[in-house]
Amino acid sequence: MKTLLINPSFESVLDIGLSYSEPLGLAYIAAAIEKSGNHSVDILDGVGLATGFQKRGEKIGIGLSDDRLLSMISERTFDVIGVSVISSFYAAEILRFIGKLKNRFPNVPIIIGGAHATFEWESCMATGRVDYIVLGEGEGTINELLDAIAGSVDIRKVKGVVFRDHNGVATRNEPRKALPIDGIPWPARHLIPMQNYFRLRPRQYLIRLPAASIFTSRACPYSCVFCSTRRFWGRKWRGRKPTDVVDEMQHLCQAYGVREFLIQDDNFLANPKRVEGICDEIIKRRLDIRWQIPPGVSVWLLTPSLLEKMHGAGLYIIRPQIETGNPTTLTYINKPIDLEHARKIIRYANRLGIWTHTNFIIGFYFESREDIDRTVRFAESLGVDNLNYYIAVPYRHTPMYDDYLQAGLIEPDQPPKTACDIEHFTAREIVRIRDQAQARYLKVRLRQLLDPRVLINEMMPKINSAEKLAFLFRRLRARTATD
């Protein structure tokens with residue numbers, strides 16, 4: 001079977017920032033198909049093939065137009081099409097695109113996968129545009145599914161899929177167990193336009209070029225109230241061996257000239273000993289790289305000694321996700337965070353010369369103005385280099401979504417919003433509070449930096465080389481441009 005995997009374009013209201021990333025999910029699936037040797041595969045990356053980003057009103061167009069992508073698909077030969085449907089924010093437009101695909105190629109089976117496809121398999125199948133869904137992790141499923149489409153395997157025996165039976169009814173097979181992570185081949189990056197990602201990823205977020213994304217683990221052992229990670233990947237966290245991780249890094253350095261890595265794990269620090277092993281391998285091999293962890297890290301797992309080792313191996317930014325400065329909210333979100341420990345870690349990172357960035361979430365459905373002010377005061381006292389406030393959003397398939405439903409604050413099946421009415425504030429009011437807190441932080445941080453002790457002890461270690469100084473100027477220029 002000739003399989004064409006498609007990374008569809010989408011529109012975003014958000015700054016693309018570090019989220020502009022290679023479609024490694026598709027590349028992992030492609031690698032699994034290649035490894036089997038039973039089927040052929042190609043990737044058509046509608047995001048990566050674009051040469052820039054288009055401003056469309058308040059949104060940013062990420063990728064090629066639908067017409068251009070459909071035209072390119074028509075130039076290929078294939079027996080089956082696979083499409084990634086990851087985020088609920090973009091699912092509606094991607095499913096519309098899949099409708100265009102079905103109209104253009106009515107006899108070609110269409111497979112979808114990703115978080116949204118997994119969680120919303122019934123509504124996706126109900127569109128009539130989709131023939132098969134791969135549920136959850138797909139590397140162990142895809143080849144059996146292709147065999148079934150080819151007619152050599154009974155589709156009813158393929159675990160981890162949804163299919164349409166002879167009566168047209170969507171049928172969900174039993175789930176598939178996760179694979180041992182070290183048996184999963186590296187992503188098939190040779191099928192992705194890597195040079196475009198190197199060129200277009202926003203420069204202000206990077207200290208070195210070119211930069212590439214990498215995964216070193218899957219899943220997360222914790223149960224945060226606003227997260228659905230465990231529902232997709234399962235309850236068991238799986239980390240790759242340090243040697244395998246650094247082998248992949250070394251390969252990317254040699255094959256693509258990569259000099260910075262974006263570790264995209266849901267929980268990179270789940271096993272601190274493994275992280276130490278990765279750092280030891282980087283140091284032992286004398287890899288001259290820099291790296292960061294854009295999704296953030298579990299601050300309660302950080303220690304001064306681990307932070308020092310990570311810095312010695314090339315870490316230059318740390319994003320401890322503290323989420324809130326309000327103890328009541330901290331209990332609600334179900335994170336084992338000690339606020340004073342977080343403060344000490346940030347202070348130590350600052351003195352090591354590691355840039356400190358973090359996010360705080362305000363506007364949980366029960367929070368009062370006093371609760372929010374407590375978070376803001378704590379955030380301002382930390383002395384981080386960059387801080388963003390986000391509004392609590394009840395994403396589907398999370399415990400928090402159920403809480404909002406029970407409180408009568410959202411309607412079942414309503415599309416995700418960037419803010420919604422809560423007990424003490426309207427959506428508009430909580431947006432205004434967030435914007436005021438964000439503007440105030442910039443003034444607070446400027447006052448902190450005017451203190452000679454802060455400047456000497458916390459800022460000077462971060463700009464003690466031409467590389468670090470250039471990074472600071474890029475960040476300041478980007479901040480000025482958006483203010």
Side-chain angles (χ1 to χ4, degrees), residues 1-8 22-46 48 73 76-87 91 94-95 98 101-102 105 107-121 124-125 129-165 170-192 215 218-219 231-234 238 240:
M1 300 283 288
K2 293 182 178 179
T3 306
L4 180 63
L5 302 178
I6 299 172
N7 184 29
E22 310 94 302
L24 292 188
L26 283 184
Y28 270 111
I29 297 297
I33 295 173
E34 288 184 330
K35 183 179 179 181
S36 77
N38 297 326
H39 307 281
S40 63
V41 64
D42 197 7
I43 294 176
L44 185 53
D45 186 356
I73 294 169
R76 309 286 181 101
T77 58
F78 45 83
D79 302 306
V80 62
I81 293 174
V83 184
S84 176
V85 188
I86 298 174
S87 171
I94 291 174
L95 286 168
I98 292 172
L101 267 180
K102 200 63 178 173
F105 310 102
N107 298 318
V108 176
I110 294 180
I111 306 169
I112 65 171
H116 181 84
T118 296
F119 297 147
E120 301 291 337
W121 64 269
C124 287
M125 292 296 283
R129 305 163 190 169
V130 174
D131 299 294
Y132 303 93
I133 297 177
V134 173
L135 301 169
E137 183 176 276
E139 290 88 351
T141 302
I142 187 61
N143 286 296
E144 287 186 31
L145 176 55
L146 293 175
D147 290 341
I149 294 172
S152 60
V153 170
D154 183 350
I155 185 64
R156 292 170 297 180
K157 295 181 180 179
V158 180
K159 295 179 180 180
V161 301
V162 176
F163 69 99
R164 208 178 303 280
D165 67 18
T171 301
R172 182 185 183 190
N173 287 351
E174 66 177 283
R176 181 180 295 269
K177 291 182 179 180
L179 293 171
I181 194 167
D182 283 308
I184 297 174
W186 298 345
R189 290 184 177 87
H190 58 282
L191 300 178
I192 297 172
F215 285 96
R218 289 185 176 179
R231 289 198 62 180
F232 183 80
W233 291 113
R238 291 167 291 153
R240 294 167 56 192

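Scope of the values below: all heavy atoms of this structure, side chains included, with no hydrogens, waters or symmetry mates.
- In this structure, L135 CG and F232 CZ are separated by 9.0 Å, a value rounded to the nearest 0.5 Å.
- With a 4.5 Å cut-off on side-chain heavy atoms, W121 and V162 count as touching.
- Once rounded to the nearest 0.5 Å, the distance linking CD1 of I81 with OG1 of T3 reads 10.0 Å.
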- Query: Going through the checks in order, is the side chain to side chain contact (heavy atoms under 4.5 Å, CB included) test met by M1 and I149?
  - Reply: CA-CA 9 Å; M1 300 283 288; I149 294 172; 3.5 Å; yes

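- Closest approach of I29 and G138 over heavy atoms only: CD1-C, 3.5 Å.
- Considering E137, E144, E139 in turn, E144 is the only one that fulfils the salt bridge (charged side-chain N to carboxylate O under 4.0 Å, His left out) rule with R176.
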- Query: Between I33 and I142, does a side chain to side chain contact (heavy atoms under 4.5 Å, CB included) hold up when you go through it step by step?
  - Reply: CA-CA 7 Å; I33 295 173; I142 187 61; 3.8 Å; yes

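- Within the 3.5 Å criterion, the main-chain N or O of I181 finds no donor-acceptor partner in the side chain of R240.
- I94 pairs with exactly one of N7, I86, V85, I112 by the side chain to side chain contact (heavy atoms under 4.5 Å, CB included) rule, that one being V85.
- The shortest distance between side-chain heavy atoms of I155 and V161 falls below 4.5 Å.
- With respect to the salt-bridge test (charged N to carboxylate O, under 4.0 angstrom), the residues K102 and D131 qualify.
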- Worked check of side chain to side chain contact (heavy atoms under 4.5 Å, CB included) between V108 and D79: CA-CA 6 Å; V108 176; D79 302 306; over 6 Å; no

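- In this structure a side-chain-to-backbone donor-acceptor pair under 3.5 Å is missing from D165 to A170.
- Shown here for A27 and I192, the closest heavy-atom pair between the two residues is CB-CD1, 3.5 Å.
- Atom-to-atom distance recorded for N38:CG and S152:OG is 8.0 Å, nearest 0.5 angstrom.
- Proximity of R164 to Y132: side-chain heavy atoms (C-beta onward) are nowhere separated by under 4.5 Å.
- Here the side chains of C124 and H116 are in contact, with some heavy-atom distance below 4.5 Å.
- Although no hydrogens or angles enter the test, the distance criterion places a donor-acceptor pair under 3.5 Å between the side chain of N173 and the main chain of V158.
- Under a cutoff of 6.0 Å and an axis angle of 45°, R76 and F105 do not form a cation-pi pair.
- Rounding to the nearest 0.5 Å gives a distance of 8.0 Å between CD1 of I43 and NE2 of H190.
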- How far apart are the C-alpha atoms of D147 and H39, what are their side-chain angles, what is the distance that settles it, and do they pass the side chain to side chain donor-acceptor pair (under 3.5 Å) test? CA-CA 9 Å; D147 290 341; H39 307 281; 2.7 Å; yes

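- Summarising the geometry of N143 relative to A32, their closest heavy-atom pair is ND2-O, 3.1 Å, with the distance given to 0.1 Å.
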- Please report the C-alpha distance between L145 and F163 in whole Å, then the side-chain angles of each, then the deciding distance to 0.1 Å, and finally whether the side chain to side chain contact (heavy atoms under 4.5 Å, CB included) criterion is met. CA-CA 10 Å; L145 176 55; F163 69 99; over 6 Å; no

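- One finds the OG1 atom of T141 at 10.5 Å from the CD1 atom of I111 (value rounded to the nearest 0.5 Å).
- Between atom CD of residue E22 and atom CG of residue L191 there is a gap of 13.5 Å, rounded to the nearest 0.5 Å.
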